[in-house]
2 protein chains.
Amino acid sequence: MAVEGTAAPRVTRRRVRTRANLLDAAFAVFAAKGFGRVSIEEVCEAAGYSRGAFYSNFDSLDELFFALYRQRADLIAEQVAGALAQDGPDLDVQASVDRVTEVLLLDVDWLLVKTDFLVRAARAPEVAQTLLEHRERLRQVVADRLARAAGGTALPAVLGGADGAARAVVAAYDGVTVQLLLDKDVEHARSWLKQLLTALLTDGSGTREQ
Amino acid sequence: MAVEGTAAPRVTRRRVRTRANLLDAAFAVFAAKGFGRVSIEEVCEAAGYSRGAFYSNFDSLDELFFALYRQRADLIAEQVAGALAQDGPDLDVQASVDRVTEVLLLDVDWLLVKTDFLVRAARAPEVAQTLLEHRERLRQVVADRLARAAGGTALPAVLGGADGAARAVVAAYDGVTVQLLLDKDVEHARSWLKQLLTALLTDGSGTREQ
DNA sequence: TCCGTTCGATACGCGAATGTATCCGATACA
DNA sequence: TGTATCGGATACATTCGCGTATCGAACGGA
């Protein structure tokens with residue numbers, strides 16, 4: 001027996017597939033042309049449906065975009081958490097940095113879409129809320145990892161503990177992302193992010209120049 | 001006698017004013033609604049002109065946006081250069097960090113427009129070129145300043161000299177910008193950027209925690 | 001002040017994208 | 001397998017923004 005309070009909407013199998021297809025197509029189209037330059041029809045065409053299917057599943061392009069972001073953001077969050085959880089409690093930070101870097105700078109298309117979403121969020125507080133929550137989740141995962149490792153490696157006090165350091169990690173990620181979006185050099189971005197994170201999370205004792 | 005090779009286009013005074021007004025209005029409208037959601041007519045209305053004036057001065061919204069970006073970006077570049085040049089050759093980095101931070105995080109509207117421009121650049125290589133050049137100019141100014149101060153304060157070697165450090169400064173700026181666009185807390189962003197830059201440009205010797 | 005040029009306003013036609021209303025085929029369940 | 005419901009396609013009206021062509025007024029030089 002369905003335990004739902006309201007009338008059961010009869011969970012159709014086809015609907016789920018269609019919705020997923022629309023989301024996937026939207027991701028590709030948004031990445032290629034940018035959210036601001038995409039019409040509903042383009043998404044439908046890319047997914048192999050007509051506009052009727054779209055309006056049956058979403059109210060507006062904005063709503064689809066929002067759903068798309070949540071879907072992918074959750075996925076990334078899981079991957080990052082996975083990359084950080086899989087090693088022991090007192091392993092070196094360096095290894096974690098490497099693994100997280102691989103995950104964060106895996107897919108340029110995602111960075112493109114994410115930046116589009118940022119632009120939207122910057123002008124819509126309720127959208128910004130979602131993005132902030134996602135970032136907060138990521139930050140928390142990183143902070144936990146750093147706190148666990150704090151026994152082994154010391155953090156620069158200027159940042160204010162594992163919490164501040166985690167914030168710095170996110171900032172570095174965002175900063176490198178910007179450059180990557182312009183020069184499209186993923187490998188360079190990766191190595192540079194590793195470098196940045198290393199500089200931030202370890203102090204430079206014994207290796208300063210001149 | 002006009003020394004121009006081609007026929008003199010008779011530099012009208014009114015035209016200059018109109019163009020400037022359109023650019024100013026565009027800045028306000030773009031900041032408020034985002035480039036992707038602005039029509040030519042909206043810009044004209046905000047400036048107090050009709051579409052005829054627009055098409056007499058620009059070929060497309062893209063062209064106006066491009067012109068707008070160049071104008072403002074040059075302005076910022078000058079301000080930053082000024083903030084860094086005004087102190088002596090061997091003054092402490094800290095003072096420069098403070099002054100530059102004030103300039104860079106002065107105007108949220110500019111950050112909004114700049115991010116819109118980034119999104120466009122990410123999908124149009126020729127636009128990206130302009131943005132990269134602007135960033136390169138900024139980076140160079142910072143690198144010069146850091147090189148001058150290198151005698152006084154040591155830089156963490158992980159970043160690879162003044163050049164790498166300058167790159168890191170830009171990345172930190174971009175990273176903090178993202179957060180600022182979401183929470184709109186300019187003061188917090190400023191103090192945090194200072195903190196980040198300090199952590200990046202000085203090593204943590206003697207002040208690490210635990 | 002007069003005149004030729006330039007600038008910007010107005011009016012028009014056009015195409016694209018939207019949202020809706022309706023219809024037919026697919027699907028789930030008995 | 002029959003049937004009621006659901007999902008997506010099609011067709012339509014409408015709105016919106018664009019680009020152009022034309023006209024009157026402002027401007028700058030003599």
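Residue numbers begin at 1 in each chain, while the letters A, B, ... track the order of the sequences.
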*Asks:* Does C:dC7 have its OP1 or OP2 closer than 4.0 Å to a side-chain nitrogen or oxygen of B:Arg15?
*Replies:*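 Checking B:Arg15 against C:dC7: at least one side-chain N or O falls below 4.0 Å of OP1 or OP2.
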*Asks:* Residues two or more places apart in sequence or in another chain: which of them pass side-chain contact (heavy atoms from CB on, under 4.5 Å) with A:Ala28?
*Replies:* none
*Asks:* Using atom types as modelled and distance alone, determine if a side-chain donor or acceptor of A:Asp174 lies under 3.5 Å from a backbone N or O of B:Val178.
*Replies:* no
*Asks:* If I take atom CG in residue B:Asp59 and atom P in nucleotide D:dC18, what distance separates them, rounded to the nearest angstrom?
*Replies:*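 Distance, rounded to whole Å: 14 Å.
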*Asks:* Of the options C:dT6, D:dG7, D:dC18, whose atoms approach the side-chain atoms of B:Tyr55 most closely?
*Replies:* D:dC18
*Asks:* Between B:Arg72 (side chain) and B:Phe27 (backbone), is there a donor-acceptor pair under 3.5 Å?
*Replies:* no
*Asks:* For D:dC6, does either OP1 or OP2 sit under 4.0 Å from a side-chain N or O belonging to A:Thr12?
*Replies:* no
*Asks:* Taking the nucleotide of DNA chain D with the nearest heavy atom to each, does B:Arg13 or B:Leu61 sit closer to the 5' end?
*Replies:* B:Leu61
*Asks:* Over how many whole Å does the gap from A:Asn57 atom CG to D:dA9 atom C1' extend?
*Replies:* 14 Å
*Asks:* Taking only heavy atoms on the protein side, list every residue of residues 29-52 of chain A lying under 4.0 Å from any atom of DNA chain C, sorted numerically.
*Replies:* A:Ser39, A:Ile40, A:Glu41, A:Arg51
*Asks:* I'd like to know if A:Asp109 and A:Lys33 make a salt bridge, using a cut-off of under 4.0 Å between side-chain N and carboxylate O.
*Replies:*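 Looking at A:Lys33 together with A:Asp109, the answer is no, because their closest N to O distance does not fall below 4.0 Å.
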*Asks:* With a cut-off of less than 4.0 Å, is there a side-chain N or O of A:Ser56 near OP1 or OP2 of D:dG7?
*Replies:* no
*Asks:* Does a sphere of radius 6.0 Å around CD in A:Gln71 hold more than 12 heavy atoms from other residues, nucleotides or ligands, not counting ones at 6.0 Å or beyond?
*Replies:*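 Yes.
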*Asks:* Does the side chain of A:Gln179 come under 3.5 Å of the side chain of B:Arg167 through a donor N or O and an acceptor N or O?
*Replies:*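 There is no such pair (donor and acceptor under 3.5 Å, judged by atom type) between the side chains of A:Gln179 and B:Arg167.
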*Asks:* How many whole angstroms separate atom CZ of A:Phe54 from atom P of D:dG7?
*Replies:* 16 Å
*Asks:* Rounded to whole Å, please give me the gap between CZ in A:Phe58 and C1' in C:dA17.
*Replies:* 19 Å
